[in-house]
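For reference, the structure is listed below as structure tokens.
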Amino acid sequence: MELLYTYETLKLEFPMSEIEKADFVILGIPFDGTTSYKPGTRFGPTLIRQATLNLESYILDYDIDLAEVRIADVGDLAIVAGNPLETIKRGIKTIEEIKKLNPKAIPVVLGGEHSMTYAPVKALMPKSYIVFDAHLDLREQYEENPWNHACVARRISELGMEIAEFGIRSGTKEEVEYAKERGIHWVHARHYSFERFKEIVRDLPDPIYISIDIDVFDLSMVPSTGTPEAGGLRFWEVVEALEWLVRNKEVVGFDIMEVAGMELGDVTALTAAKLLFYLMGMISRR
């Protein structure tokens, strides 16, 4: 089924479900309009999907075969080139349309620059927003644009939900002050621990939306991303936190953003694809 603002693209290898019957509905948002360092996030959804072809559908850790999970892929959002706000509006309408067709489905957004995360969060309106990211993304505006990728957590905070950020290692003094004023929790990558994660997240209200900016990881795993930063988290650190989160909280949606690159088989896309499979697997196990 083709939704209003979507078009067909590369699909995952295993059998796909119809939206109305799906447990997960995948939507790519191939936007690259405010990237401020390395371009290529417009290719993120395609690169992630292609990288899944390298993976087994069976998840050893969870004894779950994703080929037996009901997954729909509605393709990519038809973006408005160079216009993040209009693209976000299309994303909101599309995710709202998905939820009308299947209120129980979990939307999965693949990106695409991080500014686009506002779309699923606004459409789903969770009570808490948890993000793994190298950057605070709490600027009022960047390059005279309040819808820049560097502003996404700021815009989400204005929706009134609780926010917790992990893996942070870049931000401005003004962003730190804003986080303190608004009670936004954040943990520097140097001081990250599983115990600190649980301590913060345990008291956050349900339901929760999860956002993964791929640059949260150690740079060796994600060289192709819009604003790469040294000193990131390890893959299993993030997986461990997500497993605990899925077991203990209600998750209404998640995304994997800022995957860039120019070649199939890109290391960054392979990392994102593996994380995509793990997230769907751990949620299915629950």
Side-chain angles (χ1 to χ4, degrees), residues 1-12 14 16-31 41 44-46 48-49 52 66 69-79 84 87-133 152-153 155-156 159 161 163 206-214 242 245-246 249-259 272-273 275-286:
M1 177 179 181
E2 191 168 316
L3 303 178
L4 178 60
Y5 291 116
T6 63
Y7 61 90
E8 292 289 325
T9 184
L10 180 71
K11 299 293 179 71
L12 278 66
F14 38 83
M16 292 285 100
S17 171
E18 297 176 358
I19 297 174
E20 293 84 353
K21 299 177 181 179
D23 297 314
F24 302 93
V25 179
I26 296 172
L27 171 68
I29 307 185
F31 191 75
T41 54
T46 296
I48 296 171
R49 288 185 179 99
T52 66
L66 292 180
V69 174
R70 293 173 297 187
I71 302 170
D73 189 337
V74 298
D76 283 352
L77 190 74
I79 67 162
T87 303
I88 286 169
K89 289 178 180 178
R90 290 186 173 193
I92 293 170
K93 290 179 181 178
T94 300
I95 293 163
E96 288 176 343
E97 190 176 358
I98 290 168
K99 292 300 287 184
K100 285 180 182 177
L101 290 168
N102 184 349
K104 295 183 179 180
I106 293 178
V108 178
V109 173
L110 304 179
E113 65 171 61
H114 212 177
S115 58
M116 295 299 109
T117 290
Y118 187 88
V121 174
K122 182 65 170 66
L124 299 170
M125 286 302 292
K127 291 186 178 179
S128 299
Y129 170 71
I130 295 176
V131 58
F132 289 84
D133 199 332
V152 62
R155 298 288 81 81
I156 288 172
L159 295 174
M161 56 198 62
I163 295 179
D206 288 338
I208 282 174
Y209 184 90
I210 303 169
S211 182
I212 310 290
D213 185 324
I214 206 69
L242 292 172
L245 184 59
V246 167
K249 295 290 182 178
E250 177 190 356
V251 176
V252 294
F254 71 86
D255 63 52
I256 302 175
M257 309 301 281
E258 292 288 343
V259 174
L275 189 63
L276 170 65
F277 274 28
Y278 266 81
L279 269 163
M280 291 193 295
M282 66 181 73
I283 293 172
S284 297
R285 178 176 63 169
R286 174 177 176 174

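Sequential numbering from 1 along the given sequence is applied to the chain's residues.
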Could you tell me whether the side chain of Lys249 and the main chain of Pro207 form a donor-acceptor pair under 3.5 Å?
no
With a 4.0 Å cut-off on N to O distance, would you call Arg70 and Asp23 a salt bridge?
yes
Exercise: identify the closest heavy-atom pair between Pro45 and Gly111
CD-C, 4.0 Å
Return the minimal non-hydrogen interatomic distance between Pro107 and Ile95, and the atom names on each side.
CG-CG2, 4.1 Å
Side chain to side chain contact (heavy atoms under 4.5 Å, CB included) test vs Val152 passes for just one of Asp133, Thr117, Val131, namely Thr117
If I take atom CD1 from residue Ile71 and atom CD1 from residue Ile19, how far apart are they, to the nearest 0.5 angstrom?
14.0 Å
Indicate the ring-plane relationship of Phe254 and Phe24, choosing parallel, tilted or perpendicular according to the 30° and 60° boundaries.
perpendicular
Do side-chain atoms of Arg90 reach the backbone of Ala78 as a donor and acceptor pair under 3.5 angstrom?
yes
Please name the pair of heavy atoms, one in Thr9 and one in Thr46, separated by the smallest distance, quoted to 0.1 Å.
OG1-OG1, 4.0 Å
Do other residues, nucleotides or ligands put more than 12 heavy atoms under 6.0 Å from Lys122 NZ?
no
Side chain to side chain, Leu110 and Ile29, heavy atoms closer than 4.5 Å
no
Could you check whether atom NZ of Lys127 has more than 12 heavy atoms from other residues, nucleotides or ligands sitting under 6.0 Å from it?
no
Report the distance from atom CE of Met161 to atom OH of Tyr209, rounding to the nearest 0.5 Å.
11.0 Å
Which residues pass the salt bridge (Lys or Arg N to Asp or Glu O under 4.0 Å) test with Asp206, not counting sequence neighbours?
none
Candidate pair Ile214 and Met257, rule side chain to side chain contact (heavy atoms under 4.5 Å, CB included), full reasoning
CA-CA 6 Å; Ile214 206 69; Met257 309 301 281; over 6 Å; no
Looking only at side chains, do His114 and Ser211 share a donor and an acceptor under 3.5 Å apart?
yes
Looking only at the aromatic ring of each residue, does the gap between the centers of Phe277 and Phe14 stay below 6.0 angstrom?
yes
Closest approach of Pro126 and Val252, non-hydrogen atoms and distance?
CB-CG2, 4.0 Å
Note, Ile283 side chain near Ile106 side chain (heavy atom, < 4.5 Å)
yes
Side chain to side chain donor-acceptor pair (under 3.5 Å) involving Asp76 - partner list, sequence neighbours excluded:
Arg49
Take Leu77 and Tyr7, measure what side chain to side chain contact (heavy atoms under 4.5 Å, CB included) needs, and give me the verdict at the end.
CA-CA 7 Å; Leu77 190 74; Tyr7 61 90; over 6 Å; no
Ala123 and Ile92 have their tightest heavy-atom pair at CB-O, 3.9 Å
From CZ (Arg286) to CE (Met282), nearest 0.5 Å
12.5 Å
Which residues pass the salt bridge (Lys or Arg N to Asp or Glu O under 4.0 Å) test with Arg155, not counting sequence neighbours?
Glu140, Glu158
For Glu250, look at atom CD and say whether over 12 heavy atoms of other residues, nucleotides or ligands are found less than 6.0 Å away.
yes
For Val121 and Leu159, the nearest pair of non-hydrogen atoms, with its separation, is CG1-CD1, 4.0 Å
In Å and rounded to the nearest 0.5 Å, what is the CD to NZ distance from Glu20 to Lys100?
14.0 Å
How far apart are the C-alpha atoms of Phe31 and Thr41, what are their side-chain angles, what is the distance that settles it, and do they pass the side chain to side chain contact (heavy atoms under 4.5 Å, CB included) test?
CA-CA 6 Å; Phe31 191 75; Thr41 54; over 6 Å; no
So, do Val74 and Val25 sit near enough that their side-chain heavy atoms are less than 4.5 Å apart?
yes
Min side-chain heavy-atom separation Asp73-Leu10 under 4.5 Å
no
OG/Ser17 to CG/Asn102 distance, rounded to the nearest 0.5 angstrom?
8.5 Å
Side chains of Ile26 and Leu12 in contact at under 4.5 Å (non-hydrogen atoms)
yes
CD1-OG1 distance between Ile98 and Thr6, expressed to the nearest 0.5 angstrom
8.0 Å
Close side-chain approach of Thr87 and Met116, heavy atoms under 4.5 Å:
yes
